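Note that these values count all heavy atoms, side chains included, but never hydrogens, waters or copies made by symmetry. Here the structure is a predicted model, which means the values were calculated and not measured.
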Number of protein chains: 2
Amino acid sequence: MAMPAYPDVFLALAEPLRREILELLGRRGRMGVTAIVETLRRPQPTVSKHLGVLRRTGLVSVAKLGRQRVYAVEAAPLRAVHDWTLMFERFWDHKLDRIQARAERAARADSGEPAAPTRRDIKRRERDGRS
Amino acid sequence: MAMPAYPDVFLALAEPLRREILELLGRRGRMGVTAIVETLRRPQPTVSKHLGVLRRTGLVSVAKLGRQRVYAVEAAPLRAVHDWTLMFERFWDHKLDRIQARAERAARADSGEPAAPTRRDIKRRERDGRS
DNA sequence: TCAATATATTCTTTAAACAGAATATATCAA
DNA sequence: TTGATATATTCTGTTTAAAGAATATATTGA
């Protein structure tokens, strides 16, 4: 497996199995390699190699725990991708929506939080949300 | 150039020049091929081939205008990437209120303590692998 | 110590994907 | 029509990245 010292984040995310691994780690939190292998039903060397790419890219971190290596999602590179896509936000997001979202959020805050907001865009709008 | 019928969005974004093209189109709006070529100083066939990938992925749209092909950013696939990254928002978002509660509820610890706790990982430790 | 477990690494082979050069197609302008 | 312009496509060679098999390394437990 060819391996540049620090693979590009986008390149790392281009591989479907690597995205699956990230999604799994995102849902389940920290996991050892064997748990990932058994969940995704892929050969262990395959998983280990992809974990290696993810680690070198900074997308995951490792912690030694006995003879296990416990992997976990690392935020920074994912956030970088997130921020990159925000550059194009104006192509799908109208300013009108943003105002409306703020109004909805304010109304919700007054009446208490509902259980599961499906529109997770609300948080994003909170972060950069001015007019 | 190998070309699957509908290239994966992440795969399309893995190529640096394609991201440059998208960024340029994002800033300048609609552009003809020659304008892109002259701005990015890359061979025209190279640019056209990458535009082809972007178009097949749905990342850009084309409009015939005389003998020009005018390209423009298309929102949907970029938004899909944006939404995918939001899956990991809680890893960088400090508003962990409800999310933390969910993580703790799912935590049925049956393994030892993490030996080397990294940063904020301590508060949401959970079982790694069953075995 | 030895064996088992957990994971990483090193081969080899195959398949994409890229660049570059050459060429093809379509449209305008004279 | 003819020639110029704008862009796409095809071909070739090279690089890269993936899978799969085999093996290596580290750690625990008996």
Side-chain angles (χ1 to χ4, degrees), chain A residues 1-21 24-25 30-57 59-72, chain B residues 1-21 25 30-57 59-72 111-116 127-131:
Chain A
M1 179 172 275
M3 52 178 217
Y6 291 102
D8 180 72
V9 185
F10 287 96
L11 194 55
L13 294 179
E15 163 60 42
L17 179 54
R18 285 199 286 265
R19 290 202 299 276
E20 277 189 64
I21 292 173
L24 180 62
L25 287 174
R30 320 165 82 221
M31 291 178 79
V33 178
T34 300
I36 300 172
V37 163
E38 289 174 349
T39 303
L40 299 182
R41 315 209 171 210
R42 293 309 226 303
Q44 175 264 315
T46 297
V47 170
S48 275
K49 279 182 284 189
H50 284 301
L51 282 169
V53 174
L54 291 173
R55 183 174 45 73
R56 282 188 292 277
T57 319
L59 281 160
V60 299
S61 58
V62 213
K64 290 187 185 178
L65 188 65
R67 50 186 152 182
Q68 297 195 82
R69 304 297 168 100
V70 180
Y71 284 85
Chain B
M1 176 172 274
M3 52 179 216
Y6 290 101
D8 180 72
V9 184
F10 286 95
L11 194 57
L13 294 179
E15 163 61 42
L17 180 54
R18 284 198 287 265
R19 290 202 299 275
E20 278 189 64
I21 291 173
L25 287 174
R30 323 170 76 219
M31 292 180 78
V33 178
T34 300
I36 300 172
V37 163
E38 288 173 350
T39 304
L40 300 182
R41 314 210 172 207
R42 292 307 222 305
Q44 174 264 315
T46 296
V47 170
S48 274
K49 279 182 285 190
H50 284 301
L51 282 169
V53 174
L54 291 173
R55 183 173 45 72
R56 281 188 294 276
T57 319
L59 281 160
V60 299
S61 58
V62 214
K64 290 186 184 177
L65 188 66
R67 49 187 152 180
Q68 296 194 82
R69 303 295 167 102
V70 180
Y71 284 84
S111 76
E113 289 289 305
R127 56 127 179 66
D128 37 294
R130 64 280 132 72
S131 71

Over how many whole Å does the gap from [X] atom [atom1] to [N] atom [atom2] extend?
| X | N | atom1 | atom2 | value |
| --- | --- | --- | --- | --- |
| A:Leu51 | D:dA18 | CG | P | 13 Å |
| A:Ile21 | C:dT7 | CD1 | C1' | 13 Å |
| B:Lys64 | C:dT27 | NZ | C1' | 10 Å |
| B:Gln68 | D:dT7 | CD | C1' | 10 Å |
| A:Arg67 | C:dT7 | CZ | C1' | 11 Å |
| A:Arg30 | C:dA6 | CZ | C1' | 17 Å |
| A:Phe10 | C:dC18 | CZ | P | 15 Å |
| A:Asp8 | C:dC18 | CG | C1' | 15 Å |

Among [options], which nucleotide sits nearest the side chain of [X]?
| X | options | result |
| --- | --- | --- |
| A:Thr34 | C:dA6, C:dT9, D:dT7 | C:dA6 |
| A:Glu15 | C:dA19, D:dA19, C:dA21 | D:dA19 |
| A:Lys49 | D:dG20, D:dT9, C:dG20 | D:dG20 |

Residue-phosphate contact under 4.0 Å: [X] side-chain N/O, [N] OP1/OP2:
| X | N | result |
| --- | --- | --- |
| A:Arg18 | D:dA18 | yes |
| A:Tyr71 | C:dA6 | no |
| B:His50 | C:dA19 | yes |

Would a 4.5 Å heavy-atom cut-off, applied to side chains only, mark B:Leu25 and B:Ile36 as touching?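 Yes; the side chains approach each other to less than 4.5 Å.
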Classify the side chain of B:Gln44 and the base of D:dA6 as holding, or not holding, a donor-acceptor pair under 3.5 Å.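 Per atom types, no contact qualifies.
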C:dT7 base / A:Arg69 side chain donor-acceptor hit below 3.5 Å: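 Between C:dT7 and A:Arg69, which were checked side chain against base, a qualifying N/O pair under 3.5 Å is absent.
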Exam field: side chain A:Arg19 to backbone A:Leu13, donor-acceptor pair closer than 3.5 Å: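 Between the backbone of A:Leu13 and the side chain of A:Arg19 there is a qualifying donor-acceptor contact (under 3.5 Å).
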Could you tell me the separation between the [atom1] atom of [X] and the [atom2] atom of [Y], rounded to the nearest 0.5 Å?
| X | Y | atom1 | atom2 | answer |
| --- | --- | --- | --- | --- |
| A:Arg42 | A:Leu17 | CZ | CG | 5.0 Å |
| B:Arg69 | B:Arg30 | CZ | CZ | 13.5 Å |
| A:Met31 | A:Thr39 | CE | OG1 | 4.0 Å |

